[in-house]
Every structure is written in structure tokens, then in C-alpha cells.
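Worksheet for the structure shown next.
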Amino acid sequence: MKHKSLLLTLLVLFPAFLFAGEGMWIPMLLQYNEKEMQEMGMKITADDIYSINHSSLKDAIVLFGGGCTGEIVSDYGLLLTNHHCGYDYIQKHSSVEHDYLTQGFWAMNRGEELPCPGLSVIFLREMRDVTEQVLKGVDIDMPEDDRQALVDKNMKSIIASVEKETKYKVSIKPYFLGNEYYLLLNEVYTDVRLVGCPPSNIGKFGGDTDNWVWPRHTGDFSVFRVYADKDGHPAAYSKDNVPYKPAKHLDISLKGAEEGDFAFVFGYPARTNEYLPAVAVDQEANVIDPIMVDLRGKVLDIYNKYQEQDPKVRIQYASKHASIGNGWKKWMGVTEGINHFHGVQKKHDYENRFHEWVMASRSRYMYANLLRNFKNNYKELEPYELAYTYMAEAGMRIELVNFAGRFARLSEVTKDTPQDDIDRMVNQLKGTSETFFKDYYEPIDREVAAMLLKEYLKAQPADFRPAFLNDIKNVDEYVDKLFAKSMFTDEAKVNALLDNFKVKDAKKLANDPALKVYQSLIGFYRDEVYDHISSITKDNDRLRRIYMKGQMEMEPEKRFSPDANFTLRVTYGKVEGFKPKDGMKYKHFTTLEGIMQKENPDIYDYVVEPRLKELYNKKDYGRYADKDGTMHVAFTASVHTTGGNSGSPILNAEGQLLGLNFDRCWEGTMSDLIYDPDICRNISVDIRYVLFIIDKFAGAGHLIDEMTIVE
Ligand code: ARG
Ligand code: GLU
């Protein structure tokens, strides 16, 4: 009874740690959330969302290309996902003559759809709880390696026996940090074709400038189609394949959503860490992330300076800018959110309760040292994490060094290396080198190198630096010499070497100063850092598993949601805006007016397509207009999402499609560590804007005819 009243205290003190938007729920266990979901407005049942006895919404959801989510919206395998998820495949089909990235692409009939080798989509057919079988024979005092060996052995034998009874791909994944295990039966389709995508001015509107930011106006969608053999089974690409007929496709609502309406997202979130101890959150948000933000910010400043001066450089560095900038912006949001929300303090308070609970009973001895062990481990880990961070973000970020590193294996060949292997390496490197030089601008890299090496020297003590750094007397002179002496700044020299490579050239490569820097960085990491990080992390994984178990025991009545692990999840909340700061309120939706307000023909990210302007001027929105007469473009909701949820459907109370999730507001990106329903918002593109672009902008109404539209 005593611990029940403690639980009540917790409920009162920590409302933010309870549901209200938080949680990435396992579809097969959704009946435990059904009541709450219905109280929030949901009109359908848990069984309508996930069932293995009849068709359900899950039959329309796929893991797309291994990193995003997609959904089926017609009986002919038509699939929607984000533009940024289809980007690689669109790019592979693009050339100067057919620049689909810039112009967009629309197959006007099925014959024009483009096969995408390497692209697959995965349907979850069934999941089963196999916790008991996987943990058979495991006990809490077992040494970690023995435990892992037993778990692996159990999993192997379960998989082998299930494989005998099914045609599906069988796998088992840990949930709740290894306290539970679920078996997944998946079906993988590999004939997936590109059907359409808007021009980048729509699909990437706002680009990196708007990335992670609200208000947002990106038409972030692309269209694919899944093909199967004539019996509906997965099959390699063939002209004879037919559109895949799903057990269920999503219906599409043209009604939009009002502030406060129930909404849920169904998809494949990749990774969250909601149950980390305070020390770990503090370290991530206040030590590691700020360093990465600072270093990347300085790199981006240099990129920006040169990109603004020269349109060619702007294009050369666009994609590098995008990938460096994505993390940079996100981590800034994480730190700000954790501190603004007093996340570390809240975790400490929670840990104090946990400690009291542990101390209240002798039977909880196995939890007694957890928090102290965490503290020691993270303290011990910190210098190595920093060493790794500088190695990756300051050392390897120098393009010259990174590129030189690609030649490391070739620099080690001897006369005993089979000629075939050498030929293969050389051929690969020709491709690598062509791609590298196409987008390389040496003045940027020199300036970046000098800046990063100064930061590296300033921040890391001598015994935490790779050897080459300790030999530097004057950074600017060193960088000048490095760039003057290395062959890797010179395309002609690299080509000449590759065109006529002899085993004796390996030595020349190995002596190149840029390759030596690379070897020094790698050697330092391998010899001085890796073992520490991996052994401490292994122990932390064990502690985290036990801590998770303890938390669940302490609050037996709380519904816990397992951290994201790239398996199918349901998350739910409300369509709503938020207050990012005192005196500010964000509306929950944006419109085409906002695109016109952002329009700037001189800024790459804000160029508006003439055809879109024409439709805007005529207000030719057809049935896709909101009832307020405007064209809604994007909207926010308090639904807990993360990377991998890109392309996920966001659905209304009836389970109809409202839009496609594609981002979060950066003020709430800490939701990977701590979810706060007041400031964590996901961003989706409104399905009516998607259909408007397909129908009115692209004239691909035949695709709309396949869909089930609810007006
Ligand atoms: N921030 C989103 C995500 O994490 C979108 C990234 C792609 N868009 C971009 N402008 N870089 O994946
Ligand atoms: N853009 C992310 C993705 O590609 C989703 C945004 C997020 O991290 O919430 O998965």
C-alpha cells in the first residue's frame, strides 16, 4: 500500500512523464491504449489499426527504403512517402536532359513508371511476444557475455523453428532495452517504381533554411508503386509484374483537421532514448551536442561565405551543407529544449524517488547501485566521447583528409595482392575521385582545415590528441604545407596515378601527408579510444536494461512505451500549434499565402514555380481548398515522432489520411530524450496540398482516380 501512495505522489508530481502525447506504442498491444485514444476522439478501434485476423491499417504501412515510412493509397499498390525519402531514387534517374530533381517527374501511364533497383518496401505481417522463450534460462546475476550468448542462442532456435512454418522473413528485436522481445514476420517487395515527384522548388521548398523550423511550406512528398508477381507475391523486377494489391489501402480525407482534433501517426521511428539517467542526458545536451553544434556552425559559416560568392560553389556544397546542417540545427534544439524544460533536473528528481523506492525494500537490492554506477560510467566515458567527437567532427571533417582515407587500402597493397583485387580497388576509386572533385572547392577546405585544427588543439589535451596534432607548431603554416604537398588536392595527379597504378605506387600513397593525417586519426581512435567506449557502453547497456526493469516495477500501473527501434509503432496526440516562447504563439497550419510571402527569386530555397503562382493567382484549388477558402500546406500536431517517421501517414479519428509526417519543430527535438507535450510538435504536409499538386499542378489526375477520397 505504501508504494501505491508513492505512485500517486508521482502521478501528481510528474504529469509530463505520463502519456499526453508521449509514447511510441507497439501496434499489437494497442488495446491498452484504446480507451485513452477514444477518449481523445478516436472513432475506430485498436483492432482496426492492427489485426492478424482481418485486414487493418497496418496492411497499408511499409518501411520504405530501409530508413523512412511509406503508405499504400490505392488497390494498385500506389505509395506515398516524403520527397526527401525518395530523393536518392529521383536523383539516380536524373540527368542533364531529364532533370527530375529540378523539374519533377510524372508517369502519365504505368508504362512510364521508373524501376528503382535497390529500393525495397517491407510490410509487417504479424508480430508475436517471444520474451519468455528468448529469456529462458537467463537470470539477473549472469555475467553479461553469458547472458548475451544465451539470448542469441535462444533467438536463433526460435527463428529457425518459425521459419519452417512461414514464407515470411523472421526476425526478433529487443524492446524495453532487452527486457522484452518480439518476433516480427515481414514481407519484402523489391519491385518498386517511381511514379511521380514535384519539382524541388515544391518538394524541398524552404530547403535547409526552413529545415526543422515552423512555419513550414514544404510539399515534401513523392509517389511510388509497389509491384508483385501475378499472385501478389514479392518478385524481382520484371515487365510481367503487376501492381501489388494490398489487403488494405488508406482512405484520404479532404476535410482537414481543426485545432484539438485527435490524430495519430503510424510508422517506423528509428531511435529514441527516453529512459536515460540524468547524467547521460546532461552529457549529451550540455557537453557533446554543444561541441558538435559549435564545430559544425563554424564549418557552415565558411561554406556560407563561399557559397554566397559563387553560384557554382553554392551547388557544389548544397548537399554537404544539408547533411551537416541537419544535425547542427537539431542538436541546437535538443540543448535548448532540455535546458528550457529543466530536463536534467526533472530526471534527477525522478531518480531521487527511484532511489527512495529502492531503499524501501531489501528485495530491490539489485537496483541499489545503479545510479552511482551510471554516474561513474558516464564520467569515465566523457573524455573518450570527446576524443571521438573531435576525431569525427574536427579531423575527418577536413575533406582532403577524408578523401585521402579512401585510398588507405590501396596504399597497403603489396606484390602478393591479387591483381583482380587491385583492379577492383582502382576502379572504385576512379568513381570516388570523380564524385569528390566534382564538388570540391579547395579554398573552402583549407579554411575549414585551419579552423578545425585550431579548435581541436585548443580543446583536447595532448594525451587525447592524435600524434600528428602534437607535432604542429603553427597551424596556418602546417595547413599550407599539407595542401601544397598532398596529391589529393590535384585531380590530374590522382587520375594519373589511378590510370596507371603500379604496386610500387602504394608507397607514394602511404607517404602522402593527407593520408598520414588520416592514419593518425584512425590509429588514435583504434588504439586509445575504441576499447574504452565499447566496454563502458556495454556495461551501460546492461545498467539501462536493469534500470528500465526497476522503473517498470516501481510504477506497475503506468503504461510504459518502449524506445523506438525501427519497428512499426503507433503514436498519437492532437492537431495543435504551440507557444515556443513567452509572447509567441504558433498557429497549427500554414497556407499557400505563406509560400508567396517567402518567395524570393534570388534565394535558391525560396524560388516559386511559375505554374504554382498561376494556380495561386487564380485561386484554382478545386476541392482541395480548406473550408476557409485557402490552400493549406502543412500542419503541426503533438504526436511523438522521430527520424524514420518521415513519410509516415498522420491519420484522423476515422483512420483516414490527413497528411505525411516529415519533420519536427526544433524547439522540441529533445523529444528523443524527453517528451514535453507543451513544446514537442511534429510537422506534416497536408494531404490536400499533395493532391492539389498531383492533380492541378502536374495534371496527373489519373493517380487521384485510383485513390479513395472522402470529401
Ligand atoms: N529534418 C528532416 C529530417 O531529419 C528533414 C531533412 C531533409 N531536409 C533538409 N532540408 N535537409 O530528416
Ligand atoms: N526528417 C526526419 C526523417 O527523415 C523526420 C523528422 C524527425 O526527426 O522527427 O525521418
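Note: hydrogens, waters and symmetry copies are ignored here, and every other heavy atom, side chains too, is used. Indexing begins at 1, ligand by ligand and atom by atom, following the structure's order. Residue indices begin at 1 and follow the sequence shown.
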Could you say whether the N/O atoms of Trp212 and ligand 2 ever approach to under 3.5 Å?
-> no

Heavy atoms of other groups near Gln309 CD, more than 12 under 6.0 Å = yes

Do any N/O atoms on Cys68 end up under 3.5 angstrom from N/O atoms on ligand 2?
-> no

Taking the six-membered ring of Phe692, is the NZ or CZ of Arg688 close enough (under 6.0 Å from the centre) and on axis enough (within 45°)?
-> no

For atom 2 (C) of ligand 2, the option (of Gly647, Ser646, Cys85, Gly644) bearing the nearest heavy atom = Ser646

Name of the residue among Glu22, Glu274, Arg664 meeting side chain to side chain donor-acceptor pair (under 3.5 Å) with His640 | Glu274

State yes or no: are the ring centers of His93 and Tyr100 separated by less than 6.0 Å?
-> no

Heavy-atom closest pair, residues Thr567 and Tyr268 | C-CD2, 3.6 Å

Can you find an N/O atom of Phe662 closer than 3.5 Å to an N/O atom of ligand 2?
-> yes

Is it true that Glu667 and Arg681 have a side-chain N and a carboxylate O under 4.0 angstrom from each other?
-> no

Assess the pair Phe437 and Phe403: is the distance between their ring centroids shorter than 6.0 Å?
-> yes

Among all protein heavy atoms, pick the one closest to atom 1 (N) of ligand 1 and tell me residue, atom and distance.
-> Asn211 OD1, 2.7 Å

How far is atom 8 (O) of ligand 2 from its nearest protein heavy atom, and which residue and atom name does that atom have?
-> Arg664 NH2, 2.9 Å

Under 4.0 Å between heavy atoms, the region of Lys330 that gets near ligand 2 turns out to be neither

Under-4.0 Å salt bridge between Arg216 and Asp663 = yes

Return yes or no for this condition: an N or O of Asn661 is under 3.5 Å from an N or O of ligand 2.
-> no

Top protein contact for atom 11 (N) of ligand 1, by heavy-atom distance = Asp208 OD1, 3.0 Å

Nearest protein heavy-atom contact for atom 2 (C) of ligand 1: which residue, which atom, what distance?
-> Asp663 OD1, 3.3 Å

State plainly whether the residues Asp301 and Lys305 are in salt-bridge range, i.e. N to O under 4.0 Å.
-> no

Those atoms of ligand 1 less than 4.0 Å from some heavy atom in Gly207 | 10 (N)

Proximal ligand 2 atoms for His84, defined as those under 4.0 Å from one of its heavy atoms = 1 (N), 3 (C), 4 (O)

In the protein, which heavy atom is nearest to atom 3 (C) of ligand 1, and how far is it?
-> Asn326 ND2, 3.9 Å

Specify the protein heavy atom at minimum distance from atom 12 (O) of ligand 1: its residue, its atom name, and the distance to 0.1 Å.
-> His84 NE2, 3.6 Å

Decide if atom OH of Tyr604 counts as having more than 12 heavy atoms of other residues, nucleotides or ligands within a radius under 6.0 Å.
-> no

Do me a favour and list the nearest non-hydrogen protein atom to atom 6 (C) of ligand 2 with residue, atom name and distance?
-> Asp663 CA, 3.5 Å

Counting from 1, what ligand 1 atoms have a heavy atom of Trp212 closer than 4.0 Å?
-> 1 (N), 4 (O)

